[in-house]
*Asks:* 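My questions will all concern the structure given below.
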Amino acid sequence: MTAGSREGRADPDRLLARARAEEAEKAEKADGAARTGRLKCFFGAAPGVGKTYGMLEAAQARAREGVDVVVGIVETHGREGTAAALSGLEVLPRASLSYRGRALEELDLDAALARRPGLLLVDELAHTNVPGARHKKRWQDVFELLDAGIDVYTTLNVQHVESLNDVVAQITGVVVQETVPDAVLDRAAEVELVDLPPDELLKRLREGKVYRPEQAARALESFFRKGNLLALRELALRRTAERVDDQLRGFRLAYGIDATWSVRERVLVSVGPSPLSARLVRAASRMARSLRAEWYAVTVEPASGTPAADTKARIHAHLRLAESLGAKAITLSGDRVAEELVAFAKAHDVTKIIVGKPTHPRWRDVVFGSLVDDIVRTSGAIDVHVITGDGAETTERGAAELGSATRAIGGPRPESPWPVGEYAQAGLAIALATSVGWAMRGTFEQADIVMAYLLAVVVVSFRLGRGPSTFAALLGIAAYDFFFVPPTFTFSVDDLRHLITFGTMWVVALVVNGLAHRVRGQAEAARERERRTAALSAAGLELAATSGLAALGQIASAHFVEVFGGQISLLFARTGGTLAPLPGASPGFFDDKERGVAQWAFEHDQAAGRGTDTLPSARALHVPLRASRGPLGVISLLSKHPDEPALAGDPDRRHLLEAFASQTALAFERALAVEEAQASAIVVERERLVNALLSSVSHDLRTPLASITGATSFLLDQADVASPEVRRDLLETVHEEAVRLNRLVANLLQMTRLSAGAIIVHREWQPLEEVVGVALERLEPMLVGRDVQVELPDDLPLVSIDALLIEQVLQNLLENAVRYTPAGSPLLLSAETELATAVSANELDDLDLERGERSARAIVVSLDDAGPGIEEASAQRIFERFYRGARDEIAHSRDTSSGLGLAICHGMVKAHGGRIWVERSTRLGGARFRFSLPIVGVVPGFADLSEVLSEVPSKDAPELPLDAASEAPPR
Amino acid sequence: MNETTLLLIEDEPQVRRFLRATLVAHGYRLLEAETGEQGLQMAAAHTPDLVLLDLGLPDLDGLAVTRRLREWSSVPIVVLSARGQENDKVEALDAGADDYLTKPFGTGELLARIRVALRHRAQAGAPGGEPAFEVGDLRVDLATRQVFVRGEEVHFTPTEYKLLTLLIKHAGRVITQRQLLREVWGPNAQSQTHYLRVYMAQLRHKIEATPARPRYLVTEPGVGYRFRVE
C-alpha cells in the first residue's frame, strides 16, 4: 500500500468516531424544542414477510428501554404471532368515520398528536384514508406526526413505492392503487429491510399464517407466484441497497472523504399529454435516482395558441407526478419541440435526455418530422434514451388515472358530452347544402355542388364543436352520394372517380375541422387569459391604491368573488398564530370544521380543503396568503354550487387563485409594514417627548438651583457688605426657589407615576368643597394679593373621587393661572352639575366619557382667569406633555415650567373618567379651564349607617343638609 | 423656656443640621439619634419631653419605633415624613404618634407642632381641663354645651357637637379619619369616610365664614382633620 492511497482512504476508526460524535450531536439537538420526529420504515418485498411483527418487536425493545411507545394503528390480519407481539403496548383508540353508511376505522391523528408519545406505531404506510379524514393518505398523517416531533415506526411493501409501481405491475400483472412517493421513503431516518426467502414465505402462506385459507389459495394463484416473489424481493433488496449506498456516499461527500466526485449528472425527460409520459417520468426518476442526478421534467407548449384544456390537464398531471418524484417541472414555450428541449438541455448541462419511443406510424415521421430524430441529431454530447411505453395494463391504468384527473377539471366552457342541439344544427346545415345543390343541379357542374357541401362543413366546423363538424362531413358525403352521384337516390357509386371526390371532401373537412377547432380553442384561451390578466391587474391596481387592512380585505374579497364566484372569507393571523377575520369583517361561512382546516392550511403553509389532498371533505378551499415573511393568513373559497368541480383540480384556475392569493398577501404585507412604520414613528415621538422632558427638566431644575447657589454663596462670603434688606431679599429668593423645586419634583414624580400607569384612583365619596379648601390652603402663599372667588352651589352632590389627585389638579390649574395672568388679577373657581352628554359638545380632547356613563351626571369644575386667554390652536395641545404654549413668550422669563402641570391634570382627570378642556372665560375675559368629574355609581345615603348610629337619635340620620333650626341644641 | 429636651431621630445629617440650628436657637435641648435603635435607647436613657421621628429610617421603620416607644412611654411623638407617604403617616398616628409634619416644612410650622404637642402633654396631666374653649370668633362652652359663633349661639346636633368637641380636645393636633369615626360613630363605622366628610362640611358651614377656605377646620389630605388654633 502506498502512502498516497493510505491518505485517500478513510481510516475506519476515524470514520466511526466521527459518526458517533455526529450521532451524539444529533441527539443533543433533538432535545431542542424544534425537534422533528424520526421515521423508521420496516420495508418488505411482499405481504406476510413479517414487517408488522418486526416493527412490534423493535417497539417492544424500545418500550423496555423506557421509551413511551404507543400503537397508533396496527393490523394483525388475524395473525397470532403479531397479536402476541402487541401485548403490553398502549393502543390508541381508533377514530371511527362513517362513509357511505359504514363505520370505518382510521388512525386518530388528533388523538395521537394530543397524546404526544415518544414513539408511535403506524402500520401500512401506503394506506388510503377514508374520505372525511384530514388527509387523503396515511403517509401525510405520518408527516404531520413527524413535524410535531413524534417518532414513528411504520411498514411498507416494495410495490407501493411510486417509482417502482409500474415495474411491479409489469412483473406481477397486478396494478397497485395505493402508492407512496419516494420522498416519503427518503425522509425515513432508517429503513429496515424485513427479508424472508420466497420459499419460506410460500410455506407460511400455505400454512395459513399470512391469509386465511380461502384467501391464501387465491393469493397463491396470482400474486404469490414464486417468480413474482423472487423479483419483488430483488426489487426490495435493490431499493434498500441503493439507500445504503446513498447514505454512504452522502456521508463521504459531507466529510470530503472522497475527493474525486464524478461529474454531476442531469437528466431531462420530455413530457407530453400522452398517457405514456407517466411511464417516462417514472423511468426518468429511477434513472436519476440511480445516478444521484438532478432531473427535469420538461414540456413544450406551442407558442402559437394554447392546447386544449384536457391536454393541458394531462400534461399538468404528469408534471405533478414528476414533481412528487423529485423532479423540477419546467414548461417551455415554442413551436419546435426538439429545438426547445435541446436548447434547455444545453443551457442546464443536462447529460441525459429521455424521450418516449414513438407509437405512431412511420409515415407521420416522414411527413411531420420525428421528434426523436431531431433530438438525436441536434443534441450533440448529450445521451438520448428512447424508452418504450408498453404493457396494455399500465397504459390503461395511466389512462384511468388521467381520466379521473380530467374529470375533475371544470373547463372555462363546459361542454355536454352529447350536444344534441349542435348535431341537429349540423344536420340542418347539410340539408341546406343539399337543397342548394339540388337547385344548382343541371346548370352547375358536380364540382360546384361539392363546394356547397364543403362550405356547409366549414361553417359547421367554425361554429360548432368537433363532433358535430365530423358528423356534418360524414353526412355531407352521404348526402352528396345519395342525391347527386349517379345512380342517384342510392348509396352505390358507378364511377370510381367519385370515390376520389369523397376522399378529398373527407380530408378537406377534417383539416378545416382541425383548424377551426384550434382557432376556436385559441380564441377561447385568449379570452380566458385576457379575463384573468384583466382581473389580476384590476385587483392589483386597486390593492395598490388602498391602505388599511380592513379596506384591503374588502377589496380583495370583492375581486375574489368577481373572478371565482362563490363566497370568500379572509382570515388573518393574530399574535399567537390563531386566525381571525379582520376587525369589522364577518367571519363568513366558517364553522369550527372550516376554521380548523384554515388553521391547518396556515400552519403548514399549504393549501387544504376541497380539491386538495388534505382534508378534501371540507366545504371550502383554503389557500395560505403567502408573503415574503411566511403566511399572513388564509383565504378561503366556498364554491357557489357544492357539486361544482373543485377549483383546485383545474391547474389554470388554481394558478390564478395562487396568483391572487400572493398578490393579496403582498398587499397586506405592505399594509402591515406601513402599520409597523407608524408604530415606530410613535416610538420616535415618544423618544422625542423623553428628550423634551429631559431638556425641560434639566433647565427647570437648574434655574432655581442656580439662584439658590448664587444667593447663598453671596450670603456666606459677603454677608458683612450686604444691608439687612438685601440679605432678606436674597433669603426670600432662596426660599421661593426651594419651594418651586419642591413643586417641580412632586410634579415629576406624579408624571412618572402616570406614565408608568402606577396611579391608582382611591375613590371616596366626598364634598368637592373640602378638596377645593385643601388646594387653596396649599397655595395660600401664592395667592396672596389675589381675589379668589369660590362659587360652589349648596346642592352640589357628593363626588366619588380621589381627593389627593383632584386636589393636585386644582393646585396645578391655580398655579398655572397665577403664573400666566397679571399679578393681582382675579380668579374665579366654580362648579356646577351637568349632564355628561352636554359636556361632550365642547370636545377638545380625544378622551370620550365612558359609554355607559353618558346619561350620568357629572360635576364640572371651572377656573376662570382674567389673563390673555388661550389661542384656539394651542387649546388642543396645551394638555400634552411638555407643551409650552405661546403664553411662554409673553410670560416672564422666571416663570418657565416644564409644562408638566396641565399634562398631569389631564392624566388625573382622565383617570377619573372625566375630561379637561379650556375655553374663553365669559366672566373674567381670560381663559376658562374646565374639567368634568362623572358621578359614577349611586351617591351613598345615610340609611346604611343607621345600625351604627346607636349613640345618635335616628332622626338625626337623614337630615342633609342639616337644618339647624329643626333641632334644639342638647343641653 | 426652661430646658425642654427634644429627641430627634433622623438619619439625614443635613436635616439634623438645620433642625439643630432652629431648635437650639429656640431654647430647646436637643438629643440626636441616627437610627431607630439608637433613638429607642436614648429615649429610655434620657426620657425626653418630645420625640421628633423620621419615618424613613435605615434600620427600623418609623412605625416600628412608634409602636416600641408606646409600649412603655407616653412621650409626645411628632412624625416627619415626605409627601406621598400618607398611609405611613396614618399608620404612625393610629399607632400612637401625636402629630406629623410633611417635608419640606418651615420652622414656624415645626415650632407650632412642638408647642401643641407639649401643651397637650401638660394638659393630659391636669385633671378636668378647662370649662370653655375660645379661639377667634368661636367660643365653645363645654360645661353648658353651647356654641357661639361671632357672639351668636349656633345649634348643633348631638353628632356634630360630639365631633366638634373631639376636634377641640385635640386642638392644634391632627386626628385621623379612623380615630374620629371610631370615637363618634363607633368601631363599625371606620370605613364610612363619606360620613365624616359630610359632617365636617356641615360643621364648617356653621362655624366658618368661608367654608371653602376654612380657618379652623382644616383638612389634612389623606390623613384626617385638624382644629387650627394659630
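Order of the sequence lines sets the chain letters (A, B, ...), proteins ahead of strands, with each chain counted from 1. Model, not experiment: these values are computed from the prediction.
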*Asks:* Going by the rule side-chain contact (heavy atoms from CB on, under 4.5 Å), which residues pair with B:Ala117 if we only count those two or more places apart in sequence or in a different chain?
*Replies:*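 Partners of B:Ala117 by the side-chain contact (heavy atoms from CB on, under 4.5 Å) criterion, ordered by chain and then number, come out as B:Leu50, B:Pro76, B:Val78.
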
*Asks:* Only pairs of heavy atoms separated by less than 4.5 Å count here; which of A:Val772, A:Val739, A:Val774 has the most with chain B?
*Replies:*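 Heavy-atom pairs under 4.5 Å are most numerous for A:Val774.
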
*Asks:* Search all heavy atoms of B:Ala212 against all heavy atoms of A:Glu769 and return the closest pair with its distance.
*Replies:*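 For B:Ala212 versus A:Glu769, the nearest heavy atoms are CA-CG, 3.9 Å.
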
*Asks:* Counting only heavy atoms not in B:His205 (residues, nucleotides, ligands), do more than 12 fall under 6.0 Å from its NE2?
*Replies:*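 Yes, the 6.0 Å shell around NE2 holds more than 12 heavy atoms from other groups.
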
*Asks:* Can you establish whether the number of heavy atoms outside B:Arg17 located under 6.0 Å from its atom CZ is more than 12?
*Replies:*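 No, because the 6.0 Å sphere around CZ of B:Arg17 holds 12 heavy atoms or fewer from other groups.
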
*Asks:* Determine whether more than 12 heavy atoms belonging to other residues, nucleotides or ligands lie under 6.0 Å from atom CZ of B:Arg226.
*Replies:*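 Correct, the count exceeds 12.
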
*Asks:* Measuring from A:Arg778:CZ to B:Thr219:OG1, what's the distance to the nearest 0.5 Å?
*Replies:*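 Answer for the CZ-OG1 pair, A:Arg778 versus B:Thr219, is 10.5 Å.
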
*Asks:* Which bit of A:Glu780 comes within less than 4.5 Å of chain B, counting heavy atoms only: side chain, backbone, both or neither?
*Replies:*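 The side chain, not the backbone.
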
*Asks:* My understanding is that only residues two or more places apart in sequence, or in another chain, count here; which of them pass ring-ring contact (aromatic ring centres under 6.0 Å, His included) with B:Tyr216?
*Replies:*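 B:Phe227.
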
*Asks:* Would you say that more than 12 heavy atoms from the other residues, nucleotides or ligands in this model lie under 6.0 Å from the CZ of A:Arg743, or not?
*Replies:*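 Count over threshold, so yes.
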
*Asks:* Ignoring hydrogens, what is the shortest heavy-atom contact between A:Trp765 and B:His194? Give both atom names and the distance.
*Replies:*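 Of all heavy-atom pairs spanning A:Trp765 and B:His194, the closest is O-CB, 3.2 Å.
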
*Asks:* Might you point out which heavy atoms bring A:Pro767 and B:Ala201 nearest each other, and give the distance in Å?
*Replies:*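 Smallest heavy-atom distance, with atoms named: CG-CB, 4.1 Å.
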
*Asks:* For chain B, which candidate among A:Val788, A:Asp802, A:Val771 shows the most heavy-atom pairs at distances under 4.5 Å?
*Replies:*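 Greatest number of close heavy-atom pairs with chain B: A:Val788.
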
*Asks:* Going by heavy atoms in the side chains, are A:Glu777 and B:Arg228 under 4.5 Å from each other?
*Replies:*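 The answer is yes, as the side chains (C-beta and beyond) meet within the 4.5 Å cut-off.
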
*Asks:* CZ/B:Arg213 to CG/A:Leu829 distance, rounded to the nearest 0.5 angstrom?
*Replies:*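 Rounded to the nearest 0.5 Å, the CZ-CG separation comes to 9.5 Å.
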
